[in-house]
Amino acid sequence: QVQLVESGGGLVQAGDSLRLSCAASGRTFSSNTMGWFRQAPGKEREFVAAIIGRTGLTYYADSVKGRFTISRDNALNTVYMQMNSQKPEDTAVYYCAVNLGGSVFTVRRVANYDYWGQGTQVTVSS
């Protein structure tokens, strides 16, 4: 079993930055692919970023490319998402997720992740 706990959300102004953290426990962390998703009220959960466990290769949604950076600290079993130049459109609950399969899969699909954190609220004001 894997447990994920997000933190770091809050209220910021447009143009400001936040860093989200996701602490993982349970199974091995470094070999697993981790993803960040977000969900605004009344909308579907959408892919934001992912980092491949074996290689460290990263993927980003077009809407955040160049502004957000996903990274990990294997010693701390933690994955981060640095969010710069934030926009009001970034307002959502942000979720951390892990894929335990280890095979090739589509990182942007919600259904391909096995465990999810509780979410952390990010609000960006104009």
Side-chain angles (χ1 to χ4, degrees):
Q1 184 178 350
V2 173
Q3 291 180 297
L4 304 173
V5 180
E6 302 100 331
S7 62
L11 174 64
V12 298
Q13 294 183 339
D16 288 352
S17 299
L18 280 175
R19 189 182 75 165
L20 304 183
S21 298
C22 175
S25 62
R27 302 183 185 179
T28 180
F29 170 73
S30 62
S31 63
N32 299 132
T33 295
M34 306 291 295
W36 283 100
F37 292 76
R38 66 188 182 186
Q39 187 168 22
K43 294 183 170 58
E44 296 292 314
R45 190 167 300 186
E46 65 175 354
F47 172 79
V48 178
I51 183 166
I52 305 302
R54 284 181 50 83
T55 66
L57 185 66
T58 57
Y59 296 85
Y60 297 94
D62 290 341
S63 59
V64 306
K65 197 171 299 181
R67 299 188 297 119
F68 291 9
T69 303
I70 187 171
S71 62
R72 67 187 178 196
D73 187 328
N74 292 334
L76 297 177
N77 290 326
T78 301
V79 63
Y80 304 96
M81 189 163 66
Q82 180 69 37
M83 305 186 294
N84 296 331
S85 302
Q86 289 201 272
K87 305 175 180 180
E89 306 92 271
D90 296 325
T91 297
V93 176
Y94 284 72
Y95 298 91
C96 178
V98 60
N99 172 275
L100 301 179
S103 60
V104 176
F105 72 101
T106 302
V107 299
R108 300 173 187 270
R109 292 187 62 195
V110 169
N112 286 335
Y113 293 83
D114 301 292
Y115 292 93
W116 296 80
Q118 82 286 356
T120 184
Q121 176 71 46
V122 173
T123 302
V124 184
S125 63
S126 300

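Counting from 1, the numbers follow the sequence of the chain as shown. Because the structure is a prediction, the values reported are computed rather than measured.
Atom CD1 of residue Ile51 and atom CG of residue Leu57 lie 8.5 Å apart, to the nearest 0.5 angstrom. Atoms OG and CZ, from Ser21 and Arg72 in turn, are 15.5 Å apart once rounded to the nearest 0.5 Å. For the atom pair CG of Asp16 and CD of Gln86, the computed distance is 8.0 Å after rounding to the nearest 0.5 Å. Taking OG1 of Thr78 as the reference point, atom CE of Met34 lies at 9.0 Å (rounded to 0.5 Å). Once rounded to the nearest 0.5 Å, the distance linking CD of Gln1 with CG of Asp114 reads 12.0 Å. Considering OH of Tyr60 and CZ of Phe47, their distance stands at 9.0 Å, rounded to 0.5 Å.
Summarising the geometry of Asp73 relative to Tyr80, their closest heavy-atom pair is CB-CE1, 3.8 Å, with the distance given to 0.1 Å. The two atoms that bring Gly35 and Tyr113 nearest to each other are N-CE2, 3.8 Å, heavy atoms only. Looking at every heavy atom in both residues, Val107 comes nearest to Ala50 through CB-CB, 3.9 Å. Of all the heavy atoms in Thr91 and Ala40, the pair that sits closest is O-CB, 3.9 Å. A pairwise comparison of heavy atoms in Pro88 and Ser126 identifies CG-OG, 3.5 Å as the closest pair.
Taking the ring-ring contact (aromatic ring centres under 6.0 Å, His included) definition, one finds that Tyr95 meets it with nothing, sequence neighbours left out. For Tyr59, there are no ring-ring contact (aromatic ring centres under 6.0 Å, His included) partners two or more places apart in sequence or in a different chain.
No side-chain heavy atom of Val122 sits less than 4.5 Å from a side-chain heavy atom of Arg38. Residues Asn84 and Ser17 have side chains in contact (heavy-atom distance under 4.5 Å, counting atoms from C-beta outward). Side-chain contact between Met81 and Leu18 is absent, with no heavy atoms from C-beta onward closer than 4.5 Å.
Both tests do not hold together for Arg45 against Phe37: distance to the six-membered ring centre under 6.0 Å, angle to the ring axis within 45°.
No salt bridge links Lys87 with Asp90; every basic N to acidic carboxylate O contact stays at or beyond 4.0 Å.
A side-chain donor-acceptor contact under 3.5 Å links Asn99 to the backbone of Asn112. Checked by atom type and distance alone, the side chain of Glu6 pairs as donor or acceptor with a backbone atom of Cys96 at under 3.5 Å.
Under the 4.5 Å side-chain contact rule for hydrophobic residues, Val5 and Val79 do not share a cluster.
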